[in-house]
Amino acid sequence: MTFRQFAYRNVVRNRRIYAAFFMASVFSVMVFFLYSMLLYHPSIEDRFIQDIAFMGMGVAEIILYIFTVFFLFYSMRAFLQARSKEFGILLHLGMAKRQLNRLIFIETMFIGVASIAAGTFLGYMFSKFFFMIVREIVLLPALPLYFSWQPFALTIGAFMSLFVIISYVAPVFIRTGKVADLIQGDTGKQTGYDYSKSRGYLGLLFLGLSYAMAASTTNSIVIGLLFLLPPFATIGTYYFFTDSLPLLLHKIRGRKNLYWRDLWMLSISEGVVRLRENARMFFIVTIVSTVAFMSVGILASLTSFASQYREMHPLGLEYRSNWENGHEQKHIAQLEDELNTHEIDYTLVQFQILQQTSSFTDNTVEIVKLSNVNKLALSFGHPAVKLKEGEAIFLPPTVSWYKQLRDRSVTTLLKDSGVRVRINGAYPYHLFSAYSIGMNAVILNDVDYDKVLESESTRNLYSFMYYAFNVPEWERTRDIGLSIDASITESLLSETGDKLYYSFKNPGLNYSVLRTTFSLLLFIGLLLAAVLFLAAGSFIYFRLYTSLEQDRKQFDVLRRMGITDREFKKIVNRQLIPQFFFPWGVALVHSSFAFLSLQVIWDELAEISIVKELIFVLVGFTCMQILYFYLIRWRYLAHIKASE
Amino acid sequence: MTRNAIVELTEVTKIYEGKVMYRALNRLDFEVEEGEFVAVMGPSGSGKTTLLNLVSTIDVPTYGRLMINGIEPEVLKQNELALFRRRNLGFVFQDINLLRMLTVEENLVLPLTLDGLPVKEMEKRVTELANQLNLKHILDRRPDELSGGQAQRTAIGRALIHKPKIILADEPTGNLDSKSAKDVLELLSQINRTERTTVIMVTHDPIAASYCDRVLFIKDGEFFNEIYKDERRQTFFQRILNVLSLLGGNVNDLSSVRLP
């Protein structure tokens, strides 16, 4: 048996230990590879999409890489500590320290090479599937599978260097003390049970303060809080796990009628030990999970923003033209022509919007003709509204305004034309995009409208034309009016100062860009969160694995003492559930409060609520976590009982 | 015989099947009477631990019949078996096996918490035991802060607290110095006398065995010899040594002989 064979057999025959580690590595290599495949895809030509994809994937890859570094370091250390007895024997048999280092180097490289190979292979296998999902999201015609050296080189290069570094550094983790200590094993030593009371209370105080601040956010201080809260909450979380929790558990230990109850004694005391060993890991998992929750929640809410876009923009196309505009007829003809050639059904209603000054508020009022509105409403399938002479209703600028204007009744004189009207209630249907007509719009009956229009000869009123295209298949208007859109962008960019006398809105186009961007980011975020999630679970598994020997012995004692299988399962549950769900629970609370304060900003941005998305995301994550919990519990129980 | 057997093995055979089939016990007949203090001796690999595991009910015989306290463990379900162990058996191990995260007091009380006794009752029993076993001043310590003797006394306390019918001890003095070993053995025989608790002890150590009423010798899983104690421990010890030399075990097994 050569030295290399020895190393190889060590790994292969220890495969049960290495399985979780290997799986997590393979998965992260695979995701990294998938990102790189998209990063270098030749047929993404759309500049904008490409930019977003490139940036998103690039950032995701960097995060993934950094995370993998931590992950590998941590798990490597856990393994080597678990095997310290074995290393002790090897040193005892006369292996030189240098040879031991080489052994570990070779072993780590075996795993590294294997997981890179498997990850890249699986990644290539799944890339067609991955492309299909991306294509579905991005609405690209097709993303063919391609073969190029770049993604392979990036993935293999990145991870190979990583594994080499880890392999070199790993032997440091073996305490180079006496051989006898190594043979005794890592489990013999016992970390202290000490904790600092003051830091414990400080942690609780910090967390409480952060929560209170997050919950009471107002618009004016939200920006300040954005910088203040994260470090505050982070420190609070750290102290919470290292000091506050032991403090609380110690309090419970003091109360015998609580603590000396069925299995609680075993569970809690074990919990304290685990907490001591794993406080830092819990802290990391909590912070990582919080960030994952947050990013996915934000992205999901952005996606929902896109899906509510239609409600905010009921019209397919909107064109608004001031009277100075010379291109009006040409543009409208062009739009109609393009719609016809694309065979898209539409209803065009032309509005002449008049502006008057109201005597009631002294503000400008936009006046819309009732018959025009009814015509447009008819194309949406809404019934017509009737108004008598002298009557008018408010046209709410947004949906939420409707509630405020519904019960309002005002009598006003339109100063410029001398028409007196009574405005009573608001128009119930949502036909226009927000603020597209104006802040103070009123629908006037036809008779009075004509009176105002006639007085236009006085010329001190101002008016504009508004063309509303109702397009039922609004998502197909992506390619309509591109040249008008381009000319607007051009004149905005050129800044020559010549005023633009028209505006054009194509919600279909905007929507497709928005949707694509958000969905892509969401997809990237979810994949990333999945990797973090898998790794966090693996941390717990490694930890369990390192203490397996000790746990087995303990299980043996308990079994002789007469613990039933069900009771043992209960004990394991009470040990594992906190480990799995406590960091997540804290992360959940953290992110809920964070969203609470973010909701303030959200309300400003758009009138949408993210509660639904948030619940969806959190429930999804929790389900995954439960599944993972059962998987690991199953493995753990099997390992423990295997000792029989 | 008027006294009734609390543990009764009839032609018990235990075969471990695996890649290498191994017959650990072969048609062993053996009885322990209520209130008896019995030692089981034999060279390494003679089946002592297997015998103890069978009586512990964590293993079942391949053939033959095993009765403990009038019950055949084989017919009990997994759960009933656990409850049976919990109420009838107490264990003392060579490597002591206190739960490292519990204090002495908590280790003592552990078997009782499983049965959900009221806290007052538990505290009462702990105080009693602590007085009896001289553990009072170390109740708040953790296992890693104890000497070997203190730890083993704690373990014996844990085995006793639920007042079991039988105590099963697996090399209880194996890891102790001679002074602590003597304390532990005297403690065990005192409990055996005062509480009428049956004790079955597996040991290598002839001195430990000399504290018992009877010593059973097994070799290669079969009955080899059996001797009863006499008036003086010194002569009993000598007779044990004689049987051991007949047994022809490894030299190692005798090396731990320390004359009192």
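Chain A is the first sequence line, chain B the second, and so forth, proteins listed ahead of strands; every chain is numbered from 1.
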Checklist entry - Is the closest side-chain heavy-atom distance between B:Leu9 and B:Glu31 below 4.5 Å? => result no
Checklist entry - Quick one: are B:Val199 and B:Val38 in side-chain contact, heavy atoms under 4.5 Å? => result no
Checklist outcome for this item: Taking a cut-off of under 4.5 angstrom between non-hydrogen atoms, the residues of residues 564-575 of chain A near chain B are A:Thr564, A:Asp565, A:Glu567
Checklist entry - Does the ring center of A:Phe629 lie less than 6.0 Å from the ring center of A:Phe581? => result yes
Item to check | With A:Tyr239 via ring-ring contact (aromatic ring centres under 6.0 Å, His included) - residues at least two apart | outcome: none
Checklist entry - Could you go step by step and tell me if B:Asn192 and B:Tyr211 meet the side chain to side chain donor-acceptor pair (under 3.5 Å) rule? => result CA-CA 11 Å; B:Asn192 169 251; B:Tyr211 280 84; over 6 Å; no
Checklist entry - In terms of heavy-atom pairs under 4.5 Å with chain A, which of B:Leu89, B:Leu110, B:Thr103, B:Leu117 leads? => result B:Leu110
Next on the checklist: Using side-chain heavy atoms (C-beta onward) and a distance below 4.5 Å, is B:Val109 in contact with B:Asn107?
Outcome noted: no
Next on the checklist: Could you check whether any side-chain N or O of A:His92 sits under 3.5 Å from a backbone N or O of A:Phe87, counting only pairs where one atom can act as donor and the other as acceptor?
Outcome noted: no
Checklist entry - Which residues satisfy the side chain to side chain contact (heavy atoms under 4.5 Å, CB included) test with B:Ser180, sequence neighbours excluded? => result B:Leu176, B:Asp177
Next on the checklist: At under 4.5 Å between heavy atoms, what parts of residues 78-85 of chain B are in contact with chain A? List them by residue number.
Outcome noted: B:Gln78, B:Asn79, B:Ala82, B:Arg85
Item to check | Interface moiety of B:Leu114 toward chain A, non-hydrogen atoms closer than 4.5 Å | outcome: both
Item to check | Ion pair check, B:Lys14 and B:Asp59, cut-off under 4.0 Å | outcome: yes
Next on the checklist: Any carboxylate oxygen within less than 4.0 angstrom of a Lys/Arg side-chain nitrogen, looking at A:Arg560 and A:Asp556?
Outcome noted: yes
Next on the checklist: At a heavy-atom distance under 4.5 Å, which candidate from B:Glu105, B:Lys120, B:Arg87, B:His162 has the highest pair count against chain A?
Outcome noted: B:Glu105
Next on the checklist: Can you tell me which of B:Leu168, B:Thr113, B:Val119, B:Ile58 forms the most heavy-atom pairs within a distance under 4.5 Å of chain A?
Outcome noted: B:Thr113
Next on the checklist: If only side-chain N and O atoms count, and only distance matters, is there a donor-acceptor pair under 3.5 Å linking A:Tyr238 with A:Asp243?
Outcome noted: no
